[in-house]
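Because the structure is a prediction, the values reported are computed rather than measured. Just so it is clear, the values below take in all heavy atoms, side chains as well, and ignore hydrogens, waters and symmetry mates.
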Amino acid sequence: MMNGTKRMMFRTMLTIPCIVVAVFSASFAAEDKAYNIEVVAEGLDHPWGLALLPDNELIFTERGGRLRIIRNGVLDPKPIAGVPPVQLKKQTGLYDVVAHPNFSQNKLIYLSFVHKENDVNCIRIVRARLGSDRLLDLEVVFDAGPPTPTPTQLGGRMTFLADGTLLLSTGDAYDYREYAQRLDNHWGKILRMNDDGTIPADNPFVNRDEARGEIWSYGHRHPQGIAQDPLTKEIYSTEHGAWGGDELNHIEKGKNYGWPVTSYGRDYNGSTITPYTEYPGLEQPVVYWVPSIAPSSVAIYRGDAFPQWDGDVLVTTLGWDQGRHVRRVDMENGDVVKQEKLFTELNQRLRHLVINPNGEIYLLAEGTNKVEGAINTDGLIYRITPK
């Protein structure tokens, strides 16, 4: 604890050992409760986003531009038709998929991806009705601006809030870090919009002429995870730092999260980004990690399957230096008390995590191939259940 904040930094990671009993379809001890790991789907090409649908269906994206569906535990070999073209270069591609809160009635799903036009990129959100094998009535909901020529650090994670509004995370587009502190653009932000892309009247900057009305929070570097606690309705986001300085942030309306004025990381060439780790008026992270764990998605655990994790924050990681795992941030009364590495035996870059109503966990593993743009066929979806 520092200066009365909830911030906690772990240079030496706290880990509760995981006793390996056997490989897949077997049990692994985690604290006082065992869990099973089941392979739901394999042979996937860089899976990125996953959504749970009614009737035991899972829908997920592959970054190269394919939308896939699993029905009754069986992966449909044919992608869903009607996905718009995506820009696939370095970190760009087809990103997230979320279902409308009233999906059972309207069958609407939302996709975020990188749209290219005239040699520049933007994050685009579209929505469409999900048919039996294709998308119907597709329409553009939102384009982030201004367009950028860079194909890295664009964000792309979405989540629906309990009030029916939609959040989108955007990165600073790498070469435009100063944009994160400006309100006249969408980069380095958490954005909030209505389900049709219009601006909610209670957004914090709607009455400022120079500001983009969709902005909910700003001063972000590269947030790739965002989620709302189903119980408390608090919002959390994970954010990639540069060389160190990854963050878990508690997102609040209109707040400035510091980048690049404050940071706990260094630039990739070892130079100092900023002399400040704290600055008046700028928010501090709940947790920051040095060295990096490369956090991707985030979820707040609520469920009966693993009651000892209730209220804890689960973060998927892509990192190599700290080992690829799910980081459990143990929260007690809003404070971080410890951390634990989960599912290290998978040894996979874990891109996304969702929790079903029973409290079971689905993990997207994007595969081990790190070559940008290369086709990968070792991505998987796992299901984690109690033994």
Side-chain angles (χ1 to χ4, degrees), residues 45-46 48-49 61-67 82-98 110-128 135 138-158 166-193 196-199 203 205 208-226 237 239-242 257 259-260 267-268 273 296 351 371-375:
D45 181 16
H46 290 94
W48 207 95
T61 61
E62 292 177 319
R63 194 164 62 87
R66 298 201 300 176
L67 183 64
V83 175
V86 306
Q87 161 77 327
L88 181 61
K89 182 180 181 182
K90 291 189 176 180
Q91 295 177 2
T92 69
L94 178 59
Y95 289 151
D96 212 358
V97 55
V98 294
Y110 291 68
L111 300 174
S112 64
F113 60 95
V114 178
H115 170 71
K116 181 179 180 180
E117 188 171 350
N118 299 325
D119 296 323
V120 290
N121 309 308
C122 75
I123 294 287
R124 170 168 283 185
I125 297 176
V126 298
R127 70 176 180 180
L135 299 180
L138 186 139
E139 60 179 326
V140 176
V141 170
F142 174 76
D143 281 338
T148 170
T150 59
T152 53
Q153 290 181 199
L154 299 181
R157 189 67 67 189
M158 298 184 292
L166 177 67
L167 295 186
L168 169 71
S169 72
T170 64
D172 67 354
Y174 191 75
D175 292 323
Y176 301 92
R177 59 180 60 166
E178 71 278 4
Y179 277 24
Q181 285 296 315
R182 291 166 41 182
L183 299 178
D184 62 351
N185 67 88
H186 291 130
W187 301 115
K189 311 293 192 299
I190 303 295
L191 307 175
R192 176 174 175 258
M193 63 196 76
D196 60 356
T198 57
I199 299 171
N203 270 6
F205 304 110
R208 292 179 56 169
D209 292 339
E210 77 282 8
R212 298 288 184 110
E214 297 89 354
I215 297 172
W216 185 253
S217 65
Y218 63 109
H220 300 287
R221 182 178 182 269
H222 187 23
Q224 278 204 324
I226 189 162
S237 177
E239 185 167 328
H240 289 277
Y257 289 82
W259 177 258
D267 228 330
Y268 294 115
I273 297 169
S296 186
R351 175 62 69 175
V371 178
E372 295 287 2
I375 293 176

Original post:
Is any side-chain heavy atom of Ile125 less than 4.5 Å from a side-chain heavy atom of Met193?
Top reply: yes
Subject >> Test salt bridge (Lys or Arg N to Asp or Glu O under 4.0 Å) applied to Arg192 - qualifying residues, sequence neighbours left out >> reply: Asp163, Asp202
Original post:
Less than 4.5 Å apart, any side-chain heavy atom of Phe142 and any of Leu166?
Top reply: no
Original post:
Of all residues at least two apart in sequence or in a different chain, which pass the side chain to side chain contact (heavy atoms under 4.5 Å, CB included) check with Arg182?
Top reply: Tyr179, Asp184, Asn185
Subject >> By ring pair (Phe, Tyr, Trp, His ring centres under 6.0 Å) - contacts of Trp216 (at least two apart) >> reply: none
Subject >> Arg221 side chain near Gln153 side chain, heavy-atom distance below 4.5 Å >> reply: yes
Subject >> Backbone of Pro151 reached by a side-chain donor or acceptor of Thr92 within 3.5 Å >> reply: no
Subject >> For Gln181, all residues meeting side chain to side chain contact (heavy atoms under 4.5 Å, CB included), sequence neighbours excluded >> reply: Tyr218, Asn256, Pro260, Val261
Subject >> With sequence neighbours excluded, residues passing salt bridge (Lys or Arg N to Asp or Glu O under 4.0 Å) with Asp96 >> reply: Arg157
**OP:** Let me see the working for Val126 and Val141 under side-chain contact (heavy atoms from CB on, under 4.5 Å), right down to the final yes or no.
**Re:** CA-CA 5 Å; Val126 298; Val141 170; 5.8 Å; no
Original post:
Which residues pass the side-chain hydrogen bond (donor to acceptor under 3.5 Å, both in side chains) test with Ser217, sequence neighbours left out?
Top reply: His220
**OP:** Calculate, to the nearest 0.5 Å, the distance between atoms CG and CD1 belonging to Leu183 and Ile215 respectively.
**Re:** 5.0 Å
**OP:** Please check if atom CG in Asp196 has more than 12 non-hydrogen atoms from other residues, nucleotides or ligands closer than 6.0 Å.
**Re:** yes
**OP:** State, with a plain yes or no, whether a side-chain heavy atom of Arg177 is found less than 4.5 Å away from one of Ile273.
**Re:** yes
**OP:** List for me each residue that meets side chain to side chain contact (heavy atoms under 4.5 Å, CB included) alongside Thr170, sequence neighbours excluded, and say none if there are none.
**Re:** Leu168, Trp187, Lys189, Leu191
**OP:** Name all residues meeting the salt bridge (Lys or Arg N to Asp or Glu O under 4.0 Å) criterion together with Arg212; count only those two or more places apart in sequence or in a different chain, and write none if there are none.
**Re:** none
Subject >> side chain to side chain contact (heavy atoms under 4.5 Å, CB included) partners for Leu135, two or more places apart >> reply: Leu67, Ile80, Val83, Ile109, Leu111, Ala128, Leu130, Leu138
Subject >> Flag for Thr150-Thr148: side-chain donor and acceptor within less than 3.5 Å >> reply: yes
**OP:** State, to 0.1 Å, how close Pro223 and Gly171 come at their nearest heavy-atom pair, and which atoms those are.
**Re:** CD-CA, 4.1 Å
Original post:
What closest approach, in Å, do Trp259 and Asp172 show between heavy atoms, and which atom pair accounts for it?
Top reply: NE1-OD2, 2.8 Å
Subject >> Donor-acceptor contact present, side-chain His186 to main-chain Gly145, <3.5 Å >> reply: yes
Original post:
Where is the tightest heavy-atom contact between Ala144 and Cys122, given as atom of each residue plus distance?
Top reply: O-CB, 3.2 Å
Original post:
When you measure from the centre of the six-membered ring of Trp48, is the NZ or CZ of Arg63 under 6.0 Å away and within 45° of the axis?
Top reply: no
Original post:
If you take all heavy atoms of Ile190 and Ser169, which pair is closest and at what distance?
Top reply: CD1-CB, 3.9 Å
Subject >> Partner residues of His222 under the side-chain hydrogen bond (donor to acceptor under 3.5 Å, both in side chains) criterion, sequence neighbours left out >> reply: none
**OP:** Give a yes or no on whether the backbone of Gly213 and the side-chain of Asn203 come within a donor-acceptor separation of less than 3.5 Å.
**Re:** yes
Subject >> For Asp175, salt bridge (Lys or Arg N to Asp or Glu O under 4.0 Å) partners two or more places apart >> reply: none
Original post:
Looking just at side-chain N and O atoms, do Gln224 and Arg351 make a donor-acceptor pair shorter than 3.5 Å?
Top reply: yes
Subject >> Side-chain donor/acceptor of Thr61 to backbone N/O of Val97, under 3.5 Å >> reply: no
Subject >> Pairs where residues 139-150 contributes a residue and the test salt bridge (Lys or Arg N to Asp or Glu O under 4.0 Å) is met, not counting sequence neighbours >> reply: Arg124-Asp143, Arg127-Glu139
